[in-house]
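Comments concern the structure below.
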Amino acid sequence: MQRYDRTIKLFGEENFNTFKNTKLILLGVGGVGSFALDSLYNTGITDITIVDFDTYEESNMNRQLGSHGNIDRIKVETLKEKYPEVTPINVKITPEWIDNFDFSSYDYILDAIDDIKPKVHLINKFYTKVITTSGSAKRIDPSKIEYKSIWETFNDPFIRKIRYELKKIGFKKKFKVVFSSEEPKCLEKGSFEAVTGSFGFMIASITIQKILSKKK
């Protein structure tokens, strides 16, 4: 248990055992999801299903764990080698896939995908179990990252589109999202790992806090 010694010192043995018995599914293992995976796995939550359809490209190397030395390889299969207890699913996440997949056994659904339609569909269908993030690109200041009501977010064109689509289908629930209040610094998808990684760490932290609060 030396591997988890510092985790147990912080959270205690009982909470650590709860982590070991937690089951998660992580949708998207790119610039945000890969850091969430690393943080949660190293904390002791190893029963994680990771879902992504993509392969590594050179342009991923500035922000995605697993990309170095693995260009053109399938992301989930590569990450399975680094995190052997995960369950990899190499598939494109669509509303149809979400409808046909059984999410019932998972404690939480971690959403790090960047396609609007499946994201909206997932939130609408499973909002009580979803921990979601907005886009992490175009920003340089991780201190501007927040977790707050999706209806109160600002300076974020991507989450604005998500809000709009949710309103269109009549979704009015209380729902929080990880987003950055920083104004975008460029028009195209420039990115900085200090921010993309911090988005992933924020998801991991929120997941841990939800697990702990559920025990009370």
Side-chain angles (χ1 to χ4, degrees), residues 24-42 46 48-98 100-101 109-123 130-142 144-145 155-162 165 177-180 182-204 207:
L24 303 176
I25 184 166
L26 171 60
L27 308 182
V29 287
V32 173
S34 62
F35 285 91
L37 171 62
D38 190 70
S39 181
L40 291 165
Y41 195 92
N42 289 336
T46 56
I48 305 176
T49 298
I50 55 173
V51 187
D52 202 306
F53 78 103
D54 215 350
T55 56
Y56 288 113
E57 302 175 1
E58 273 195 77
S59 62
N60 301 146
M61 292 173 68
N62 80 311
R63 71 192 186 283
Q64 295 188 17
L65 292 178
S67 58
H68 287 260
N70 292 306
I71 303 305
D72 294 328
R73 295 190 65 199
I74 293 170
K75 289 182 182 179
V76 294
E77 293 180 0
T78 303
L79 292 171
K80 169 70 174 175
E81 295 173 5
K82 185 175 182 180
Y83 310 100
E85 293 178 71
V86 304
T87 301
I89 299 178
N90 180 35
V91 69
K92 185 173 178 60
I93 300 164
T94 64
E96 293 73 26
W97 181 83
I98 291 168
N100 292 322
F101 187 81
I109 304 165
L110 279 54
D111 164 31
I113 56 180
D114 54 12
D115 290 335
I116 290 174
K117 285 186 178 179
K119 204 173 192 77
V120 169
H121 194 68
L122 185 76
I123 293 169
V130 172
I131 302 169
T132 196
T133 174
S134 179
S136 60
K138 308 178 185 180
R139 294 166 174 87
I140 63 174
D141 186 355
K144 295 293 195 296
I145 298 171
N155 285 344
D156 191 325
F158 180 71
I159 210 66
R160 189 184 307 131
K161 292 176 185 176
I162 303 297
E165 294 298 326
V177 60
V178 177
F179 91 109
S180 173
E182 182 182 7
E183 291 190 15
K185 301 297 184 186
C186 58
L187 292 176
E188 297 184 3
K189 284 191 177 180
S191 58
F192 177 37
E193 189 174 88
V195 174
T196 60
S198 295
F199 266 76
F201 292 142
M202 182 71 104
I203 291 179
T207 303

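Ile109 CD1 to Ile123 CD1: the interatomic distance, rounded to the nearest 0.5 Å, is 11.0 Å. Rounded to the nearest 0.5 angstrom, Asp72 CG and Glu57 CD are separated by 8.0 Å. Atom CD1 of Ile93 and atom CG of Leu122 lie 8.5 Å apart (nearest 0.5 Å). One finds the CD atom of Gln64 at 8.0 Å from the OG atom of Ser59 (value rounded to the nearest 0.5 Å). Of the inter-residue distances, the one linking Thr133 atom OG1 with Asp111 atom CG reads 8.0 Å to the nearest 0.5 angstrom. Rounding to the nearest 0.5 Å gives a distance of 4.0 Å between CG of Leu110 and OG1 of Thr207.
Side chains of Ser191 and Asn62 form a contact here, defined as non-hydrogen atoms less than 4.5 Å apart. Looking at heavy atoms from C-beta onward, Glu188 lies out of side-chain contact with Cys186 at the 4.5 angstrom threshold. In this structure, Val178 and Ile145 have side chains that are in contact, with non-hydrogen atoms separated by less than 4.5 Å. Side-chain contact check for Lys119 versus Phe158: some heavy-atom pair is nearer than 4.5 Å.
Few gaps surround NZ on Lys82; more than 12 heavy atoms of other groups in view lie less than 6.0 Å from it. Shown here is Lys161, whose NZ atom has no more than 12 heavy atoms of other residues, nucleotides or ligands within 6.0 Å.
In terms of the side-chain contact (heavy atoms from CB on, under 4.5 Å) criterion, residue partners of Lys144 (sequence neighbours excluded) are, by chain and number, Asp141, Ser180, Ser181, Glu182. Residues that satisfy the side-chain contact (heavy atoms from CB on, under 4.5 Å) test with Glu183, not counting sequence neighbours, are Asn155. In terms of the side chain to side chain donor-acceptor pair (under 3.5 Å) criterion, residue partners of Tyr83 (sequence neighbours excluded) are, by chain and number, Asp38. Phe53 meets the side-chain contact (heavy atoms from CB on, under 4.5 Å) test with Asn90, Lys92; sequence neighbours excluded. Legend: residues meeting side chain to side chain donor-acceptor pair (under 3.5 Å) with Ser198, ordered by chain and number and at least two apart, are absent. Applying the salt bridge (charged side-chain N to carboxylate O under 4.0 Å, His left out) rule to Glu193 yields no partners; only residues at least two apart in sequence or on another chain are considered. For Thr78, the side-chain contact (heavy atoms from CB on, under 4.5 Å) criterion is met by Tyr56, Asn70, Arg73, not counting sequence neighbours. For Thr94, the side chain to side chain donor-acceptor pair (under 3.5 Å) criterion is met by Glu96, not counting sequence neighbours. In this view, Asp52 satisfies the salt bridge (charged side-chain N to carboxylate O under 4.0 Å, His left out) rule with no residue, not counting sequence neighbours. The side chain to side chain donor-acceptor pair (under 3.5 Å) test applied to Glu58 returns no partner, not counting sequence neighbours.
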Identify all side-chain donor-acceptor contacts of residues 25-36 below 3.5 Å with residues at least two apart in sequence or on another chain.
residue : atom : partner : partner atom : Å
Ser34   : OG   : Gly30   : O            : 2.6
Ser34   : OG   : Leu65   : N            : 3.2

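Closest of all the heavy-atom pairs between Arg139 and Lys185 is CA-CG, 4.4 Å. Minimum heavy-atom separation, Leu187 to Lys138: O-NZ, 3.0 Å. In plain terms, the two heavy atoms of Ser67 and Met61 that are nearest each other are OG-CA, 3.3 Å. Minimum interatomic distance between Lys80 and Pro88 (heavy atoms only, all atoms of both residues): CD-CD, 4.0 Å.
When each of Thr196, Val195, Ile203 is tested with Phe199 by the rule side-chain contact (heavy atoms from CB on, under 4.5 Å), just one qualifies, namely Val195. Partner of Leu79 under the side-chain contact (heavy atoms from CB on, under 4.5 Å) criterion, out of Leu37, Val86, Ile74: Leu37 alone. A side-chain contact (heavy atoms from CB on, under 4.5 Å) with Ile162 is found for one member of Asp156, Ile116, Thr132 and no other, namely Ile116.
The backbone N or O of Ile48 lies less than 3.5 Å from no partner atom in the side chain of Tyr41, so there is not a single donor-acceptor pair.
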Test side-chain contact (heavy atoms from CB on, under 4.5 Å) on Val91 and Phe101 and set out the steps.
CA-CA 11 Å; Val91 69; Phe101 187 81; over 6 Å; no
